[in-house]
Each structure stands twice: as structure tokens, then as C-alpha cells.
Amino acid sequence: MHATEGAKSFAAIVPHHASAMLRLAAALIGPAEAEDAVQEASMRAWQAWPTLRNLDAVRPWLLQITLNVCRQWRRGLKGQQQAQMRSLPEESDGQHLHLLVTLEEDPGTSNNTGALDLRAAINALPDDLRAIVILRFYAGLDATEIGTMLNIPSGTVRSRLHRAMAQMRERLQPPDLAGATHPEMEGRS
Amino acid sequence: MTYEPRSLNHHNHHHHHHHDERNANDAFPPELDALAARLSADGAAWQNRLPDTARVAERIRAIPDGAPSAVSVDDVTLPMGAESPTGYGAGWNLPRVQRRRRVSSSGWGRFLGFAAAAVVVALIATVFAQLATRGGQTTGPAIHPAPTHAQSQPTAVPTLPATTATATGYPVLVYFSKNPDSYNDPMAVFPVHRISPTLGVATYAIQQLIAGPTSSEASAGYFTELSTVLQRGGASSCGGPDFKIALNMRGTAPETGTATLQFCRQTASPGIGADARIKAEIAKTLTQFSNITKVVILLQDGHCFGDESGADVCLK
């Protein structure tokens, strides 16, 4: 790809994915650092732009770079906040992505106890299920993209998503309703 | 090229396909529909609190302007012995093609790698030699011939301060104003860190100054009025870039150690204070490079920036 053409195509294509990159970065490292991480990811993407052969794959490619930048970001933070963080794997396999994802409890809206409960229910999920819920509904990724991130089939993503939502539903329902719909409670007098 | 321009918040055809697939396969059981709606609504509210996508996109769009290409050298050179940023991809899940290249680093592959590196070094050395003998001029992505009157410029090429390339590029500082300090003292500027992806560090640093602070930096008080003063909607007299930098030049006159930054678009200054802050930001950002000791800032028409006297004092 000629340099000028490359610059034009980069400037024309990559900014359109800024929103997805930003959402992913915010989900992984928090909104405050997300913009800087996306900037870093974009610079890496620009450096590697001539190596991108299939422009149809640009979105997952950019998301993968963003993911790796965020991992490195968290590793950097790890040194500063070792006492507060769990250890991270040296190799960036997707199975450990859940270690990076924690949703802020503050929903950012006043008097919204429903949103507070929702966030609490998400954060109460097991790590692997929580990551899928956050990546799906907050980062806005689809099952295929999440599967790529986590190195699992998209079908597994969907089944885990359903399982996660079922657990959340249990938790969010009032105790009496939860009891009434629990399979073990059915048929009891 | 299979991509079509589209608005920021719309997905491309490829992603439409993904969404269609997701919508088809992510159908939730009726008892989960209400929860899915709640999650979608909360996700949208969460996304609304994220940094402004348009600003982020603008910063991304500026990257090629600040980085002419992955191998070119424009206005500022690294000191001898500085490493090149070849390790930028360490630890990535790179595209398959690139991974294959990275593992074939033995035998002939390694020999060819060394040979290619030697050729690149030789080319860069040639560029340095030419710049050193006639003074360099850069306008971001466009390469302009050096002015003829500068051909007798026996000056050194500016160098970065003592630094080494990082895994992703070359560290530079960008000096912003900061609230409230810079309102009390327009000369007070404060550095933030950036990584230039190429050796065009001076151009990149100014491009980043124009792009403005990140949201986290802005929330900490960093700001610049340059992005509003520079009428980026107007035409560029340099063929696209916002500015051009000439090294070892005071305006059109050769002067060792002086860099001249000329805007390529019209400017609209809100006042003397803003002008002073912008001058301080640009001067401090450029003088971080050891061979730039003075900075002259010119308007698009060649007159001195922020010169209320109209006497073009900066050129004398």
C-alpha cells in the first residue's frame, strides 16, 4: 500500500471504529483511561497498517489491538497497585480476560436504585460470565467478537450469556417472586 | 478498498452482518427479555458517560498527519545509537501474516533482515546528510523541497533530548496550558507524554498539541486554545497540513537553532492572553529538541503570530 494511500485509508476507516474501540477500552480499563488507550491502540494500528491485508477484518483487528493495549495498560498499573489487583497472566490468552473486567458500581444516575442493583448483580457474577455480559451489553460486542476475545466459540458465548442472565434474574427478583419461580419450589403447597 | 465512508455511530456492512447474526442468535427466552432490555438501557447510559467519540475519532484521524509514514524521517532526528521502534508488536496477537514474518528470523531470513536494516540505515543517513547541508522543512505528510535560499545552511539537524525508543515509538512531550496557573501566567505550560510512532517527532508533537489534551488530561486542567484559534475548517495553503516547520530558519532567513512554524490555515485569536499561551505552548514543545533553541511562529500570510504591533518583530 502506498504511503499516501495508506494514510488516506487509515484516516477514512479507523475513526469509524473509534466508538467500538472506546467502549471496549472503557470496559477493560475504565472510562477515565479509555481515550488514552484508544490513542495508543490507534498509533499501533497506524504503524501496522501496511500489514493489514484484509480490510474487511479491520474491526476485529482494531479491537484486538485495543485489547492488547489494555492488557499492557493493566500490567503497568499492576506495578503501581499491586496490592489491589490480582495477578495477571504473562500470556494474553482470552481465558484470563475476565480478570480485567470489572464494571463500576456507580451507574452515574441519581436515585436509580434499579441501575445500582443491576450493576451489583453483574459484579456478583462469576468472572467468566461477568466478562461476557459486560462485553455484550456495555462494550457492545457481538457473540462472534466476544468469542474471538475469549478464545471460545460464539455458541459458548451465547449459552454463557443466557446462563449469566438467568443468574442475574434470580438475584434481581424479590425474594418471594424468586422463590415462586424456582423450579424446586414449583408444586409445593 | 471495500469500505465505504459512513457516519461515526453506524456500523459498516460487515458489522451489520454481525448485528443481524447477533440479533438472530441472541434471541432471549421470554423470561429474560425484560432483563435484556434493562441491560441494554444501562449499557447505553454507561456509554453516554464515555469520552466524546467525535473527539477521539479526530485524534485518530490526525495520526497519519503527525506521522508521515512508518519509515520516513522528517524534521527531527534521533541521537546516534537510539533504537528504532521495531518492537512495537511485542506481545500482540498480530494478524497471521505478520506472525509468520516474525517467527522466520533465522538463516536467510535473518540475513535478509540485517541487509534490509543496513539499507534503511544508509537511506536515513543520506537523508540526514542532505538535511544537514540545506536545512530541513516539513509539512507533516507532504514532503516539500527545501527552499533554495537555505542551501548554504551548514547547520546541524535537531535532535531529541536524551531518550530511547520505546516499544511503540519515540517519547515526546507536549506542553499544554493548565487551569488556573496559565491564566495567571501565560508562559506557564505543563508537559504531558506522547509516543510518536515515527521519527517525525516535532511535527507529531505539534499535531498532538493541536489535537488537544485527552479527557483525563482535560479534567486535570490541561488545555490549549490552539485548536479553536486554528480555523481547521478552512483551506490549507500547504496542501492539507495545518502547519509547516522549517528548521534553522527565522522566517525566510537562515538562522541556526531557530525553527519557524508557519500555520497553513487562517487563525482567529480570541485575545492577547490566548496568543501568549499558544506561543508558550508551541515554543516549549519545540525547544524540548536540543537543536531548537528559538521558535518563530508565523501566520498563514507570513506575518508574526500574536504581533499586535504589526511590525513583525519576531522576524527581526
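Note that the coordinates shown come from a computational prediction; the quantities given were computed from them, not determined experimentally. Proteins come first, then strands; the chains are lettered A, B, ... in the order of their sequence lines, and each starts at number 1.
Side-chain contact check for B:S215 and A:E35: at least one donor-acceptor pair (N or O, by modelled atom type) lies under 3.5 Å.
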Quiz prompt | Pair A:E40-B:R194, side-chain contact (heavy atoms from CB on, under 4.5 Å): steps then yes or no | solution = CA-CA 9 Å; A:E40 171 73 12; B:R194 295 285 187 273; over 6 Å; no
Quiz item: side-chain contact (heavy atoms from CB on, under 4.5 Å) between A:L172 and B:R38: does it pass, once the steps are laid out?
Solution: CA-CA 11 Å; A:L172 288 168; B:R38 280 184 69 184; 4.0 Å; yes
Exercise. Evaluate side-chain contact (heavy atoms from CB on, under 4.5 Å) for B:L39 paired with A:I122, printing each intermediate quantity in order.
Key: CA-CA 10 Å; B:L39 283 164; A:I122 293 170; 3.7 Å; yes
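Your options are B:S216, B:G43, B:A44, and the one with the most heavy-atom pairs under 4.5 Å with chain A is B:G43.
Looking at B:I63 and A:Q39, their side chains come closer than 4.5 Å, going by heavy atoms from C-beta outward. Here the side chains of B:Q47 and A:Y138 are not in contact, with every heavy-atom distance at 4.5 Å or above.
Expressed to the nearest 0.5 Å, how far OG1 of B:T214 lies from CG of A:D36 amounts to 4.0 Å. Note that NE2 of A:H16 and CD1 of B:I60 are 11.0 Å apart. Values are rounded to the nearest 0.5 Å. Of the inter-residue distances, the one linking A:R23 atom CZ with B:L50 atom CG reads 8.5 Å to the nearest 0.5 angstrom. One distance of note links CG of B:D33 with CZ of A:R169; it measures 10.5 Å at 0.5 Å rounding.
Between A:M43 and B:I195, the closest heavy-atom pair is SD-O, 2.9 Å. Nearest heavy atom pair, residue A:A7 against residue B:P64, reads CB-CB, 3.7 Å. A pairwise comparison of heavy atoms in B:P51 and A:L22 identifies O-CD2, 3.2 Å as the closest pair. Heavy atoms only, all atoms of each residue included: B:W46 and A:A26 are closest at CH2-CB, 3.6 Å. Among all heavy-atom pairs drawn from B:L35 and A:M165, the shortest one is CD2-O, 3.1 Å. Taking each heavy atom of B:A36 and A:F137 in turn, the nearest pair found is O-CE2, 3.8 Å.
Residue A:V157 does not touch chain B at all, counting heavy-atom pairs closer than 4.5 Å.
Looking only at distances, no side-chain donor or acceptor of B:R61 sits under 3.5 Å from a matching main-chain atom of A:A12.
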